[in-house]
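Read through the structure below, which is laid out as structure tokens, and then see the notes.
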Amino acid sequence: MAAHFALFTITITLLIAVAVAEIRSTQIRSDSRSTIPFDEFGYTHIGRLNLTVTDISFSAQKTPLPQLGFFLCTLDAWVHVLEQLQEGEIHCPLESNLIKKVFTFDQLQPSAREFSNSFIVSDANQFTLAFANCMPNLEVSMNVHSVMYNFNPITGQLDFLSAGKTALPVIYLLFFIVYVLLGAVWIYTLYRKRLTVYKVHFFMLAVLILKALDLLCEVEDKSYIKRTGTAHGWDVLFYIFSFLKGITLFTLIVLIGTGWSFVKPYLQDKEKKVLMIVIPLQVVANVAQVVIDETGPFGESLYTWKQVFLLVDIVCCCAVLFPIMWSIKNLREAAKTDGKAAVNLMKLTLFRQYYIIVVCYIYFTRVVVYGLETITSYRYQWTSVVAAELATLAFYVFTGYNFRPKVHNPYFALDDEEEEAASEALKLEDEFEL
Ligand SMILES: *[C@@H]1O[C@H](CO)[C@@H](O)[C@H](O)[C@H]1NC(C)=O
């Protein structure tokens with residue numbers, strides 16, 4: 001069944017991933033919106049916007065117009081432009097002195113239906129490319145192709161990644177190296193402790209390898225975009241690995257949470273059900289992520305897909321917590337009946353810690369990272385990536401360390417004294433809970 005899901009997603013991914021990347025093409029059809037945003041880009045200090053617009057047509061016969069045109073504007077300036085419009089100082093964003101006019105349609109040759117323009121941007125800021133239509137009821141159709149990039153005036157090299165993202169290839173490469181080292185340490189551990197290795201330990205290795213491959217594709221994808229502005233096909237591989245990584249990670253959290261192969265060799269029906277909910281939802285989440293990545297910051301269906309992603313993600317995160325809670329409950333009950341208090345207390349502590357760590361990991365990667373993304377300036381967009389990757393790394397290390405194969409299995413009973421102390425501790429806990 002899992003194989004079917006994987007095939008299904010790969011197909012969907014291939015269908016959707018018509019790589020557009022940082023060079024963007026948009027079709028506008030009979031649109032009468034007064035402003036249409038296209039793309040945004042963080043300029044470092046000197047860069048360009050190359051704009052090519054073809055197949056221009058209007059709903060009514062019009063002579064070339066100064067009230068139609070493309071402009072660049074920062075978010076801060078846009079707030080002031082809106083004020084100016086409201087106070088009646090200007091009647092069209094193109095009249096404002098706060099924007100950079102790129103092309104107005106009165107520059108269009110009579111009866112021409114296309115133009116091409118190159119615009120140099122020499123201040124460091126995050127600019128949004130937008131189209132203003134200040135003719136009421138005039139519908140515009142056109143194909144817009146925009147290329148935005150920075151260039152290094154000394155080496156002459158082009159950089160198609162926005163200011164805050166230009167360091168991403170290096171960052172991903174560093175994390176890739178860290179995961180390769182972790183993988184090596186894990187393989188060595190499995191080899192040394194091969195007598196106490198469970199199936200779940202090999203599963204952990206698979207998760208680690210998929211994470212490393214995912215990062216490697218991310219490095220290649222981002223550095224290719226940096227050099228050429230297009231995504232080339234590495235993005236497809238990247239989506240496949242990040243899909244597999246997502247599924248295996250959630251599965252691993254459920255498996256460890258249920259104590260599978262540590263505590264018992266089988267899964268209960270309700271635990272299987274959790275997996276059957278989480279895996280298909282991960283498929284949906286990944287499809288949503290692909291659409292979000294590929295449509296750019298102003299895509300039409302972006303909002304819907306973001307909602308879908310958020311909803312599915314929240315459901316998955318909640319679902320994986322249930323098996324851990326069931327395990328904790330079972331252990332507490334077992335502690336009262338089977339007389340192996342010390343063993344059960346130890347397991348209980350481990351599962352409780354694991355529960356807290358999973359909650360922290362989910363909270364950090366969803367809420368804190370999103371907060372960072374929102375509040376940091378455009379130049380520091382990479383910080384949220386670093387924060388998310390560090391949290392993920394910490395989670396992998398914690399999980400690996402706490403559930404590593406051990407020569408002295410902690411689940412074996414200890415001496416009587418310790419047994420006594422443990423059952424006292426459990427009793428105390430019961431009293432507090434009552
Ligand atoms: C942008 O346009 C300029 C001027 O036409 C040209 O020299 C440059 O190569 C173009 N850049 C890209 C990446 O197409």
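Remember, it's 1-based here, ligands and their atoms both numbered in the order they're listed. Numbering starts at 1 and runs along the sequence shown. Reckoned from all heavy atoms, side chains included, excluding hydrogens, waters and symmetry mates.
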Residues in salt bridge (Lys or Arg N to Asp or Glu O under 4.0 Å) contact with E95, at least two apart in sequence or another chain: none
Which word best sums up how the rings of F105 and F103 line up, parallel for under 30°, tilted for 30 to 60°, or perpendicular for over 60°? perpendicular
Using 30° and 60° as the class boundaries, would you call the ring planes of F151 and Y149 parallel, tilted or perpendicular? tilted
Which residue supplies the protein heavy atom nearest to atom 5 (O) of ligand 1, what is that atom called, and how far is it? S118 CB, 4.2 Å
Looking at atom 2 (O) of ligand 1, tell me if a protein heavy atom falls under 4.0 Å from it. yes
Roughly how far, to the nearest 0.5 Å, is the CG atom of D31 from the CZ atom of R29? 10.5 Å
What's the spacing between T189 OG1 and L205 CG if we round to 0.5 Å? 10.5 Å
Heavy-atom distance from atom 11 (N) of ligand 1 to the protein below 4.0 Å? yes
Near N50, which atoms of ligand 1 are under 4.0 Å from a heavy atom of that residue? 1 (C), 2 (O), 3 (C), 8 (C), 10 (C), 11 (N), 12 (C), 14 (O)
When you compare ligand 1 with Y149, is there at least one nitrogen or oxygen pair between them that comes in under 3.5 angstrom? yes
